[in-house]
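Below: the structure, in structure tokens.
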Amino acid sequence: MDKYLVQLNDSQRDAVLCIKGPVMIIAGAGSGKTRVLVHRIVHMLHHGIDPFNILSLTFTNKAAREMKKRISLEAGDESRNLWMGTFHSVFAKLLRVEAPRLGYPSSFTIYDTDDAKNLIKDIVKDQGLDDKIYKPGLVYNRISSAKNNLYSWKEYQDNPELVNDDKTAGKPHLGLLYEIYQKRNFKSGAMDFDDLLFNTYILLRDFPDILHKYQNKFKYVLVDEFQDTNYAQYIIVKKLAAQHENICVVGDDAQSIYAFRGANIQNILSFKDDYPDLKTFKLEQNYRSTKNIVNAANSVISNNKHQLKKSVWTDNADGELIRIIKGLSDNEEGNMVANSIFEEKLQNQLHYKDIAILYRTNAQSRSMEEALRRKGIPYRIYGGVSFYARKEIKDLLSYFRLTVNPNDEEALKRVINYPKREIGKTTLDKIIVAADQENLSLWNVLEKINSIETGINAPTRARISDFVIMIKSFTAQLKTKTAFDLASHIAMSTGLLKELYADKSPEGISHYENLQELLNGIKEFTDKGTTALPAPSAELEADVTLRTLDVFLQDIALVTDGETDEKNEDTVSLMTIHSSKGLEFKYVYLVGMEENLFPSQMALQSRVELEEERRLFYVAITRAEIRLTLSYALSRYKWGNLISCEPSRFITEINPDYLDDQTAVTIRPNSFEKPRNWSDFGKHNSKPEVVVATPGPNFKKIPKPRFAAVSEGAPFEAADPNQTEVGMDVEHQKFGTGKVVTIEGNFPELKATVTFPGIGNKHLLLKYAKLRIIK
DNA sequence: GGAGGCCTCGGAAGG
DNA sequence: CGAGGCCTCC
């Protein structure tokens, strides 16, 4: 037997060996799912299957990276030719080749959710619709789910049910907004995340040659986390696999927790209906957790009606019973959890990184953070704004995007007047109107600014021409310069770097550092060809002789994970249950086990939603290897109001045999802290100075000056702006005294930069800001 | 053009 | 309560 097969149990081995025909692997939590996927691919490679013929799809870049790494350890260099990546990255690569068939440039831009929502906002405004009714997020979600269910805007508008739903909801123009949104995107040469799937589907549906090409390429198709697939993903996979039917899906219906973003659990529940010859393998032995934890999880999930039959078991020790902590307030809950972590770490010689605190909503992190900080316990919160979503990063990237695809409307709007070049909102509005009338992209209008009637005056037109010439000069260097050389050139010649360098406020400094970090990243990419995405197939391999900026952009367009995982640091992990999926920790604290919080009150309407909450609970329980602690509070603040809480029904769904109900009284905080509603002071009352500053919960805040009041009394007489000079000491009504650092512009637009001690630099327009000259 | 006041609204989240 | 969007006033 091959040595890689020896490390597998019987059912794992069966699942690995059966590489022909449709296969479904139901993988219980902690049952070695990734190991099976990895070995299955290694096995295929060892048996002469060409890596070019294997397509392996995941949901996250992280999962793809992890798998690729493990496969290359076992199978060596060959594995780099696998098509392995996220649905979006793989189909984006395909579209780079095939999208011209649909009329898109192969250099199409990928809009992230922010770009998409900004565009929708503009469209809603253009249409004269109320943005309170047509909220960008809502419109985006509606369009997104239409695409995920493979409705084009036309099909959407022709579907009586959808149209009627929208009418009933008082939003009859959603179909129209969908149409305009798609057309604007098309003109901009842009696709959003959902278009990457939708357009792939269209290509496979309408172009038989393309369908056959990829059916023959992908003789073996594997899908990870199959329970998370939406309709579009499922149909694409099915089409691709239709020729050879070597399709292997891996998943766990019990861990389906993404219905709210379009995942269709039916895909896994009824997979057998689509493939009568389906071979199903069940991985039921759990290697992760103690018996008590596994059994507790099983007792919980058995409350769900709709699920595939399986029984997860483990050979591991019984372990500790599941413990429950009760706090009077959310603050006390935090303290008790922090104390417990402190004690457990000492007693069991744990590392902080062995411990996680999981919660249902991000807002719950606050009381935990405060408690951990008080105890001096290092922690790290997962989730948050990704590096590439930061404003300063997106600004510079927008210049890059324009360089590659000048039709990119969202990028253009971001930077046409940043840094300032006196092309303001009025001008932009005129450009948008003209583009609409002439059916051109915004960029096309800019290019022809002197031959199209826009009503823009000559000086502004001249500035626009300068901008166009600048962007064109960047584009001209795209293929002759390395990504780093061009990126630095752009950062400097646009004045963006200088602009941020000039800002010496703490935020400004951090913005500048972030830009430097981006440029460092591009340098690394240029030198080493490091890409965040898995390597594409040889056919799609980019030109490796020169790493250019367009390739860099393509590489990062689909990278959304915020931070680089620094597994080395020893910190307690705080995250939502959703983001804990796929992870494991020796000790897990699941906090906020209260009705209306978990399960969320929004899920109490229907059985289907409650079952998803229960699966979420199942996911949370099964993250724990050694010890699971549940906690709840009897009261907590919600949006400024104190509410009282009841323990979650989910606690009672755990078979009491696995519960240590004594623990509710054994863990006490070091010093008894009054719950906040009893206290004579404010909510976040841990720090004495806040205690003094903040009165009780129902206290109405008295507006207090942000800065110490200066010079009361006589009416404040401002000096003549023309007399203000660099180096002068001046007094400002609000900021106090400061020194004039620079003066720019001509009267009456004189602008001064003044340094106020303890406050920092302020840019003041002298015709507005009243400055009194001191000396 | 930008900072600060005022109002609104609130789930989870990958690409 | 707090973050984010919009409007106003400087």
Can a side chain N or O of [X] be found less than 4.0 Å away from OP1 or OP2 on [N]?
X: A:Asn417; N: B:dG1; value: yes
X: A:Ser579; N: B:dA13; value: yes
X: A:Lys420; N: B:dG2; value: yes
X: A:Lys147; N: B:dG15; value: no

A:Trp639 ring over B:dG10 six-membered base ring, under 5.5 Å and 30° |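 Whether judged by distance or by angle, A:Trp639 passes, so it stacks on the base of B:dG10.
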>> Does the structure show A:Phe260 stacking with B:dA12, if we require the centres to be closer than 5.5 Å and the planes to be within less than 30 degrees of parallel?
In response: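 Yes, A:Phe260 stacks on the base of B:dA12.
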State whether a side-chain donor-acceptor pair under 3.5 Å links A:Ser367 with A:Glu370.
->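 Result is no, nothing qualifies.
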Side-chain donor-acceptor contact under 3.5 Å, A:Thr460 with A:Arg463: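 A pair is found: one side chain offers a donor N or O, the other an acceptor, under 3.5 Å apart.
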Which one of A:Arg636, A:Arg360, A:Arg649 satisfies the side-chain hydrogen bond (donor to acceptor under 3.5 Å, both in side chains) criterion with A:Glu594?
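Passing option: A:Arg636.
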Categorize A:Ser600 for me: base, sugar-phosphate, or nothing, with a 4.0 angstrom heavy-atom threshold over every strand shown.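 Touches a base.
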**Prompt:** Which part of the nucleic acid does A:Lys121 contact within heavy-atom distance under 4.0 Å: base, sugar-phosphate only, or nothing?
**Reply:**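 Sugar-phosphate, no base atom in range.
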Exercise. Near DNA chain B, which residues from residues 611-620 of chain A have a heavy atom under 4.0 Å away?
Worked result: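 Heavy-atom cutoff 4.0 Å gives A:Glu613.
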- Counting heavy atoms from C-beta on, name the nucleotide in B:dG11, B:dG15, B:dA13 closest to the side chain of A:Asn362.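 The nucleotide sitting nearest to the side chain is B:dA13.
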